[in-house]
Colleague: 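Structure provided below as structure tokens; questions to follow.
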Amino acid sequence: MLMCDVAVIGIGGVGSAAAAYLAQAGADVIGLDRYSPPHARGSSHGQTRVIRMAYFEHPDYVPLLRRAYRGWHDLERATGRQLYFPTGVLQIGPESGEVIAGTLRSAQQHRLAIQQFRYEDIASEFPGVVPPADCVGILEHDAGYLLVAECINAYLDQAKQHGATIKTDSPVQSWSRTGEAFELRTDSEVIHAKQLVLCGGAWAKQLLADLNVPMTILRKHLYWYENDAPAYTPASSFPVFLIVTPQGIYYGFPQLDSQGVKLARHDGGEPIASADQQNQREDAADRRAVETFTSSHLPLLSHNLVHHEACMYTVTPDQHFLVGTHPEHEGLHFAAGLSGHGFKFASALGEILCDLATTGRTSAPIEFLSPRRFS
Ligand SMILES: Cc1cc2nc3c(=O)[nH]c(=O)nc-3n(C[C@H](O)[C@H](O)[C@H](O)COP(=O)(O)OP(=O)(O)OC[C@H]3O[C@@H](n4cnc5c(N)ncnc54)[C@H](O)[C@@H]3O)c2cc1C
């Protein structure tokens, strides 16, 4: 039987960060994953993730985002690798809609620098973008994207360098509380841990079923289109973008490499009963919707699809995260239900989970993410 201070179940986006922070804090850590992260069977794959601070979803995320940015910069310094690319993020939508009004609210409340565009200025400032009628734009300069697999690799390297044991292809079949410790069983081992950190992504629906918070798993699609239009390249300072249209919310990235321009639809998605049902099949209707969007709003982009991937969102009823210590199991800490916007926070969540597991407390303002809000 193996013993450790802290076991981390799931070392993908958030768990890799938690394992790294815990190992750096001097804890004896075992990180386990059912696959070998970074992998394409969960929620942290597909090249890139958007990061932005003027958060339309809720201003209470901004203090966590300040920590997250700091964490990513620390990781870049520690590893000597560039993980964050500040291309800016351009958000376009109706002035009184959730995205524009919410972004302004966060920016004003937290004094964040943003640049606003009237409808008629958007096309001249960003040739290649045709905004939906009656929409305005907000550009946040200190925002952009993270390279998702590189971030996970960097955290796993940090975890190993600081002494963590990483066990891949080791699904945890069960965990239980035995006296003062948690007992974890894999196919081949029993592990006893004083503290347990759960970062199971879409599998949190099973792992944290006793929180009694319904989580919906959605299959989501990412598309890469061939591009020869200079308008959508970093050389033309083309930013990451999110555009609210009457038909849905779409987002994408400047062309990064020969794979072209990556695009996706943020709303919608196909509900699946469990993460084990995930597969990489395309969805013709979703693809048609994305291509209808590009015809109208990114008309210089080709429709030659070069690559497709499917990924999972794990969505809570209010689309806000579940973070904290389990109300019934002292010593069990979790970050779950990240609702399709959690990767940018992985650095901050890793640090918070480390603090909870090593000191029982965190100075981060996470009360608004407690599952108690549903009880
Ligand atoms: C298409 C798409 C686009 C997105 N875009 C953005 C974006 O632009 N910006 C942003 O901030 N966020 C975005 N997100 C959300 C973000 O990517 C996720 O919230 C985040 O990556 C989830 O990280 P995680 O650690 O919770 O899950 P994962 O990275 O999936 O990690 C969970 C891990 O747990 C492991 N695991 C599960 N059960 C067990 C078990 N029993 N035993 C051992 N291991 C187990 C899994 O194998 C997996 O590796 C997007 C998500 C998707 C799908």
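Every number for a ligand or one of its atoms is a count from 1 in the order of the listing. We're numbering straight along the sequence, starting at 1.
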Colleague: Looking at His266, Gln319, His341, which one forms a side-chain hydrogen bond (donor to acceptor under 3.5 Å, both in side chains) with Tyr313?
Modeller: His266

Colleague: Fit a plane to each ring of His58 and Tyr61, take the angle between them on a 0 to 90° scale, and name the class: parallel (under 30°), tilted (30 to 60°) or perpendicular (over 60°).
Modeller: perpendicular

Colleague: Can you tell me how the ring of His73 sits relative to the ring of Tyr84, calling it parallel under 30°, perpendicular over 60° and tilted otherwise?
Modeller: perpendicular

Colleague: Can you name the residues that come within less than 4.0 Å of ligand 1, going by heavy atoms only?
Modeller: Ile9, Gly10, Gly12, Gly13, Val14, Leu32, Asp33, Arg34, Tyr35, His39, Gly42, Ser43, Ser44, Arg49, Val50, Ser170, Pro171, Val172, Cys199, Gly200, Gly201, Trp203, Leu207, Leu222, Tyr251, Cys311, Met312, Tyr313, Leu338, Gly340, His341, Gly342, Phe343, Lys344

Colleague: Do any pairs count as a side-chain hydrogen bond (donor to acceptor under 3.5 Å, both in side chains) and have a residue in residues 347-356, sequence neighbours left out, and if so which ones?
Modeller: Trp72-Ser347

Colleague: Does some side-chain heavy atom of Thr316 sit less than 4.5 Å from a side-chain heavy atom of Leu322?
Modeller: yes

Colleague: Anything under 30° is parallel, anything over 60° is perpendicular, the rest tilted; go ahead and classify Trp175 against His329.
Modeller: perpendicular

